[in-house]
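Just so we're on the same page: letters track the sequence lines, and every chain starts at 1. Please read all numbers here as calculations on a predicted model, not as lab measurements.
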Amino acid sequence: MKTMSTTQHRFWKFVELGIDPYLDVYRYDVDIDVKMLKNRYSYLGKGEEAQEKFSIAGRIMGLRRHGKIVFAVLDDSTDTIQLVFRYDVLGEKLWHVVDLLNVGDIVGVKGRPMRTLRGEFSLLVEDIKVLSITWRDYPEKWHGLADIEKRYRMRYLDFVYNQKVRKAMINMYRIEKSFRDFLDSRGFIEIHTPKLQPIYGGALARPFTTKMYALDRTVYLSIAPETYLKRCIVGNFFKVYEIAVCFRNEDIDAQHYPEFVQIEIYWAFADWNDMMKLVEEMISNAVKEVFGDYVIDIDRNGEKIELDFKPPWKRIPLEDSIEEYGGIKVKDKPLEELLEIARQLSIKIDDFRRGKIIEKIFEKVVVPKIVQPTFVTLFPRDISPLARPYRDDPRYAERFEIYIDRLEIGNGYSELNNPVVQYYFFKKEEELRVKYADKLSHEVEYHPMDKDYVRALEYGMPPTAGVGIGIYRLTMVLSGLNTIKDVIPFTIVEQEEFQTIAEKHQDIVAYYVEKLQLDKY
RNA sequence: GGGCCCGUAGCUCAGCCCGGUAGAGCGGCGGGCUUUUAACCCGUAGACCGCAAAGGGCGGAAGUCCCGGGUUCAAAUCCCGGCGGGCCCGCCA
């Protein structure tokens, strides 16, 4: 808003006209949405008007004033439509209202569908009701809201202005719905696991800690639902999943955010191969449902990418991929040679497990080259403490990761159901933690010992396959967005100093205190 | 944790390198225009503070160009520190 030293606030002009939406208007009868209206009257020719009247409501996104005719753009969240306000149609009184409109105001309008001489489908407005006003100026129409800081600070404006972000929100909802429908049709049920846990686990990450006053103890925010969903398997829920919020106290970048959503699926009597089939079917099915085809075109910062989700996806063992994509042989190489390869690739190694080094090399030379949906299989056993050793060679785990457009989207394996080996792996993880603790402080994470989980396995877990798929990352890839924060509805920003309208305009505060008798009741 | 970049009117930005009274477009306000599509044309206020206000006012102040210091006759501009945001690297998906 303007500073009020030279101008009366627009609000008072509405009051003069006898309009105060906060006092007068509590609802508005909408009888069609813009998308449907446009479809129904697509046949209208230039200059033609329909006879039926419709009421629609939404936000004014543009105003073009031409004297006794005004064109506006209304966004009702399904689509936008041009409104035509004509003096001769509206009459003196309503014309004053149109005169006061600003971009950002919320209105309900009633009128007849028409097509202008220039061919623009419109609503010829016969009645208008102001449902809410904006007290702040909206961004410039051409650039919209471009400042990145403001976009995250005022995400509601980002939603209004940035179609790609808006679409991503809808895409994400539809993908999740598609996953749920798909799993439901196969007999899976969703179970919500605790977000507050006494022992964190199911992934290797630094947790958030918080205080639970009821029990006077420290608890961890869930870093993954895995160990609880597998307890469900032990509990004879043989097909379970959860679309779970996970918290990991790590840094933020274009691919990571401390709070994120993933779907984890556990399927008893199946192994990793079954799970890969399920995953490629589930994701490709969702892509087809949401985007209409298995093959989709992505615009990533002007770079055109075609992604083909039609099953089956490429499968390649991790060590083979390093050779295929990077021309480097790592299979059966001694540790010293692996370290030398890492050094030449200028990879900093501070965790000297063989598998970790191979994984690093993989991330450096292979990941930036995988564009089409791909399963990378056979991960080193020593960095997979919850996975089952590969049946043909115990140096590997029956584990796969899903890569799409150079991003790790998911991770799955034949679940380790042997409580004795599970305990042994946890013990090893503990030792690693101790070994590197003083050297690296918080830099390297290991899976903590979880005896309660081991006991659950001791009651007998069937052979089971599991997978986790990052919903934000998948949505980000499918929406052509470059940073994960763009698909997260609201991200954290530091507090900022600013004044509210009430702080700036005591006269308006006084008006409402009087009108609503706020000081009396 | 390390490196780099950005912060100027409600919005989008220029000005900074090379110090000399703070700019444009959009938006606002006033006027014109009954078929526009970032409409157009004319005029105008607006960057900090205070006071007035049924109507576009009055006054202060060389003064917050994110904030605080410094250099200088003079700082939006140069230097140092901080705050906020972004990008890259390390770590987690």
Side-chain angles (χ1 to χ4, degrees), chain A residues 1-10 12-13 15-16 46-47 62-73 80 82-90 95 102-104 114-120 122 124 134-154 157 161 202-207 223-224 246-258 260-262 264 346-351 360 363 401-403 407-411 440-445 468-474 476 482-485 491 493-497 507:
Chain A
M1 271 312 89
K2 293 175 75 64
T3 57
M4 287 305 114
S5 55
T6 54
T7 315
Q8 184 197 17
H9 197 283
R10 188 171 76 102
W12 293 115
K13 300 185 187 180
V15 172
E16 278 165 40
K46 287 181 183 175
L63 282 167
R64 294 181 288 277
R65 298 181 188 277
H66 295 252
K68 293 285 190 287
I69 186 166
V70 172
F71 300 96
V73 178
T80 60
Q82 174 167 276
L83 305 179
V84 178
F85 297 109
R86 267 170 38 190
Y87 180 81
D88 58 340
V89 174
L90 288 168
W95 192 250
N102 269 186
V103 168
M114 62 168 287
R115 194 175 297 281
T116 63
L117 299 178
R118 295 292 179 99
E120 180 78 24
S122 309
L124 180 60
T134 177
W135 298 78
R136 294 179 178 272
D137 290 339
Y138 267 62
E140 184 209 5
K141 58 195 157 202
W142 187 242
H143 296 93
L145 185 67
D147 184 88
I148 295 166
E149 181 173 343
K150 290 197 176 87
R151 284 186 49 220
Y152 293 132
R153 243 179 227 297
M154 291 178 268
L157 288 182
Y161 279 92
L204 307 176
R206 174 158 33 141
I223 61 169
C246 303
F247 304 91
R248 299 185 188 175
N249 213 343
E250 312 275 0
D251 271 352
I252 297 168
D253 64 28
Q255 292 83 38
H256 300 85
Y257 191 76
F260 69 102
V261 177
Q262 61 166 332
E264 285 202 3
S346 49
I347 296 168
K348 191 175 143 249
I349 300 289
D350 43 32
D351 179 342
K360 289 272 171 211
E363 283 167 3
E401 286 190 345
I402 306 153
Y403 286 84
L407 193 60
E408 183 191 343
I409 299 296
N411 180 19
L440 299 150
S441 65
H442 285 296
E443 289 295 306
V444 179
E445 283 298 332
I469 299 163
I471 298 285
Y472 288 159
R473 284 192 173 179
L474 181 61
M476 175 182 156
N482 297 308
T483 124
I484 200 163
K485 282 173 80 171
T491 53
V493 276
E494 292 294 324
Q495 287 293 306
E496 162 192 53
E497 291 274 335
D507 53 339

Closest-nucleotide ordering on RNA chain B, the 5'-leading residue of A/K68 and A/K485: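 It is A/K68 whose nearest nucleotide is closer to the 5' end.
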Hey, which sits more toward the 5' end of RNA chain B by its nearest nucleotide, A/G144 or A/A205?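 Checking each residue's closest nucleotide, the 5'-ward one belongs to A/G144.
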In whole angstrom, give the distance that lies between atom [atom1] of [X] and atom [atom2] of [N].
X      : N     : atom1 : atom2 : answer
A/H256 : B/C89 : NE2   : P     : 11 Å
A/R65  : B/G31 : CZ    : C1'   : 14 Å
A/I347 : B/G90 : CD1   : P     : 9 Å
A/F71  : B/U34 : CZ    : P     : 11 Å
A/Q255 : B/G90 : CD    : P     : 11 Å
A/R86  : B/U35 : CZ    : P     : 10 Å
A/F260 : B/C92 : CZ    : P     : 13 Å
A/R10  : B/A54 : CZ    : C1'   : 18 Å

Between [N] and [M], how many Å separate the two [atom1] atoms, rounded to a whole number?
N     : M     : atom1 : result
B/A22 : B/C4  : P     : 32 Å
B/C89 : B/G69 : C1'   : 32 Å
B/G50 : B/G63 : C1'   : 14 Å
B/U12 : B/C92 : C1'   : 37 Å
B/G2  : B/A39 : P     : 48 Å
B/A9  : B/A76 : P     : 15 Å
B/C11 : B/C49 : P     : 15 Å
B/G85 : B/G32 : P     : 47 Å

Minimum-distance nucleotide to [X] side chain [options: [options]]:
X      : options             : value
A/D253 : B/G85, B/U35, B/C91 : B/C91
A/V493 : B/C88, B/G85, B/G28 : B/G85
A/T116 : B/C29, B/U35, B/U12 : B/U35

Below 3.5 Å, does any donor atom in the side chain of [X] face an acceptor in the base of [N], or the other way round?
X      : N     : answer
A/D351 : B/C91 : no
A/D251 : B/G90 : yes
A/H66  : B/C33 : no
A/N482 : B/C87 : no

Verify the contact: side-chain N or O of [X] to OP1 or OP2 of [N], cut-off strictly under 4.0 Å; return yes or no.
X      : N     : answer
A/R64  : B/A39 : yes
A/K150 : B/C11 : yes
A/K141 : B/G27 : yes

State whether A/Y152 and A/K485 meet the cation-pi test: NZ (Lys) or CZ (Arg) under 6.0 Å from the six-membered ring centroid, and within 45° of the perpendicular axis.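 Geometry flag: set, cation within 6.0 Å and 45°.
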Measuring from atom NE2 of A/H256 to atom CG of A/D251, what distance do you get when rounded to the nearest 0.5 angstrom?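 Atom-to-atom, A/H256:NE2 and A/D251:CG are 10.0 Å apart.
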How long is the gap from CG on A/L474 to CD1 on A/I469, to the nearest 0.5 Å?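 Rounded to the nearest 0.5 Å, the CG-CD1 separation comes to 7.5 Å.
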Taking A/R136's backbone N and O only, do any of them form a donor-acceptor pair with A/T134's side chain (distance below 3.5 Å, no angle check)?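 Between the backbone of A/R136 and the side chain of A/T134 there is a qualifying donor-acceptor contact (under 3.5 Å).
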Residues that A/E149 engages under salt bridge (charged side-chain N to carboxylate O under 4.0 Å, His left out), provided they are two or more places apart: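 Scan of A/E149 (salt bridge (charged side-chain N to carboxylate O under 4.0 Å, His left out), adjacent residues dropped) gives A/R153.
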